[in-house]
J.: 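This structure is in structure tokens; I'll ask about it shortly.
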Amino acid sequence: VAMFEKSFAERFGVRHAVAVNSGGSALFLALWTLGIRQGDEVIVPTLTFHATATPLLQIGATPVFCDCEPDTGNIAPVEIKKRITPRTKAIALTHLCGHPCEMDAIMALGKAHRIPVIEDCSHAHGATYNGRKIGTHADIAIFSMDNKKMLATGEGGVLVTDELAYFEGALLT
């Protein structure tokens with residue numbers, strides 16, 4: 001497992017990777033590591049797999065559904081901005097069907113409002129945005145590796161991050 005985590009982190013050019021049993025668990029771990037708790041809001045896309053919102057319900061947080069771009073199905077940055085409130089504690093996006101989200105705009109919103117961003121890369125293994133691999137733009141990224149994914153392991157997930165505090169938090173969760 002340690003060799004897999006090291007190889008995965010190196011492949012994506014990040015410092016840390018944590019292997020878990022599923023993409024949904026990786027997302028739960030990301031949310032918990034970022035301090036998402038009951039009563040918090042997390043902006044999520046309307047067009048995604050249910051597992052994007054399910055971990056929020058387990059925590060007691062509220063998914064705030066955000067409209068998507070008509071051409072890619074990805075979360076629309078202009079719509080994210082409309083949904084940010086004082087209770088917004090994170091933005092969780094899904095790179096749908098291999099199409100990267102508009103990461104520059106989304107990261108600018110996150111930075112301007114001091115809101116962490118989670119990339120769900122489960123449908124875009126190997127995709128790039130502006131020359132950088134998906135999974136390297138946000139504060140934390142997660143990958144699913146079930147049988148329908150580009151990298152299939154039967155079941156499994158990985159959380160990746162450059163932040164030591166997030167890595168350590170993920171290990172302790």
J.: Let me confirm one number: the CD1-CD1 distance from Ile91 to Ile106, rounded to the nearest 0.5 Å.
T.: 7.5 Å
J.: Rounded to the nearest 0.5 Å, what separation is found between the OG1 atom of Thr136 and the CE atom of Met103?
T.: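 Spacing of OG1 (Thr136) from CE (Met103) equals 8.5 Å.
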J.: How are the rings of His16 and Phe167 set to each other: parallel, tilted or perpendicular (split at 30° and 60°)?
T.: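 Answer is parallel, since the angle falls under 30°.
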J.: Is it the case that the side chain of His125 and the backbone of Ser144 share a donor-acceptor pair, with hydrogens and angles ignored and the cut-off at 3.5 Å?
T.: yes
J.: State, with a plain yes or no, whether a side-chain heavy atom of Thr128 is found less than 4.5 Å away from one of Pro100.
T.: no
J.: Quick check: closest heavy atoms across Ala141 and Cys121, and the distance to 0.1 Å?
T.: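 Heavy atoms only, the tightest pair is CB-SG, 4.0 Å.
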J.: Is the closest side-chain heavy-atom distance between Thr85 and Glu41 below 4.5 Å?
T.: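 In contact.
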J.: Which label fits Phe4 and Phe8: parallel for a plane angle under 30°, tilted from 30 to 60°, or perpendicular past 60°?
T.: tilted
J.: Find the distance between CG (Leu96) and CG (Asp120) and round it off to the nearest 0.5 Å.
T.: 9.5 Å
J.: Determine whether Ile36 and Ile84 fall in the same hydrophobic cluster, where Ile, Leu, Val, Met, Phe, Trp and Tyr are linked whenever their side-chain heavy atoms lie under 4.5 Å apart.
T.: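 Each belongs to a different hydrophobic cluster.
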J.: Check whether any side-chain N or O of Arg87 sits under 3.5 Å from a backbone N or O of Val42 as a donor-acceptor pair, and report yes or no.
T.: no
J.: Regarding Asp67 and Arg83, does a basic nitrogen lie under 4.0 Å from an acidic carboxylate oxygen?
T.: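 Between Arg83 and Asp67 there is a salt bridge, with a charged N closer than 4.0 Å to a carboxylate O.
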J.: Can you name the closest pair of heavy atoms from Val14 and Gly135 and give their distance?
T.: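 Residues Val14 and Gly135, closest heavy atoms: CG1-O, 4.0 Å.
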J.: Using 0.5 Å steps for rounding, measure from the SG atom of Cys66 to the CD1 atom of Ile80.
T.: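 Rounded to the nearest 0.5 Å, the SG-CD1 separation comes to 5.0 Å.
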J.: Within the structure provided, determine whether Phe28 and Thr54 are in side-chain contact (heavy-atom separation under 4.5 Å).
T.: no
J.: Ignoring hydrogens and angles, tell me if any N or O in the side chain of Lys133 forms a donor-acceptor pair with the backbone of Arg11 under 3.5 Å.
T.: yes
J.: Thr161 side chain to Asp139 main-chain N or O, any donor-acceptor pair under 3.5 Å?
T.: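 Yes, the answer is positive, given that a donor and an acceptor are paired below the 3.5 Å cut-off.
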J.: Search all heavy atoms of Leu27 against all heavy atoms of Ile142 and return the closest pair with its distance.
T.: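 Minimum heavy-atom separation between Leu27 and Ile142: N-CG2, 4.0 Å.
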J.: Is a side-chain donor-acceptor pair under 3.5 Å present for His95 with Glu119?
T.: yes
J.: For a quick test of reading the model, state the closest non-hydrogen atom pair linking Leu31 to Pro55 and the distance between them.
T.: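 Looking at all heavy atoms of both residues, the shortest contact is CD1-CB, 3.8 Å.
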J.: Please give me the minimum heavy-atom distance between Ala170 and Val18, naming the atom from each residue.
T.: CB-CG2, 4.2 Å
J.: When you measure from the side chain of Glu69 to the backbone of Asn74, do you find a donor-acceptor pair of N or O atoms at a distance under 3.5 Å?
T.: no
J.: To the nearest 0.5 angstrom, please state how far the CZ atom of Arg132 sits from the CG atom of Asp104.
T.: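 These two atoms lie 8.5 Å from each other.
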J.: Is Tyr129 reachable from Ile140 through a run of I, L, V, M, F, W or Y residues, each pair having side-chain heavy atoms under 4.5 Å apart?
T.: no
J.: Treating Ile, Leu, Val, Met, Phe, Trp and Tyr as nodes and any side-chain heavy-atom pair under 4.5 angstrom as an edge, say whether Phe12 and Met3 lie in one connected cluster.
T.: no
J.: Specify the closest pair of heavy atoms between Arg15 and Asp162, including all atoms of both residues, with the distance to one decimal.
T.: N-OD1, 2.9 Å
J.: Please report the interatomic distance CD1(Ile115) to CG(Leu34), rounded to the nearest 0.5 Å.
T.: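 If I round to the nearest 0.5 Å, the distance is 12.0 Å.
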J.: Run the side chain to side chain contact (heavy atoms under 4.5 Å, CB included) check on Leu159 and Val20 step by step: do they pass?
T.: CA-CA 8 Å; Leu159 176 147; Val20 294; over 6 Å; no
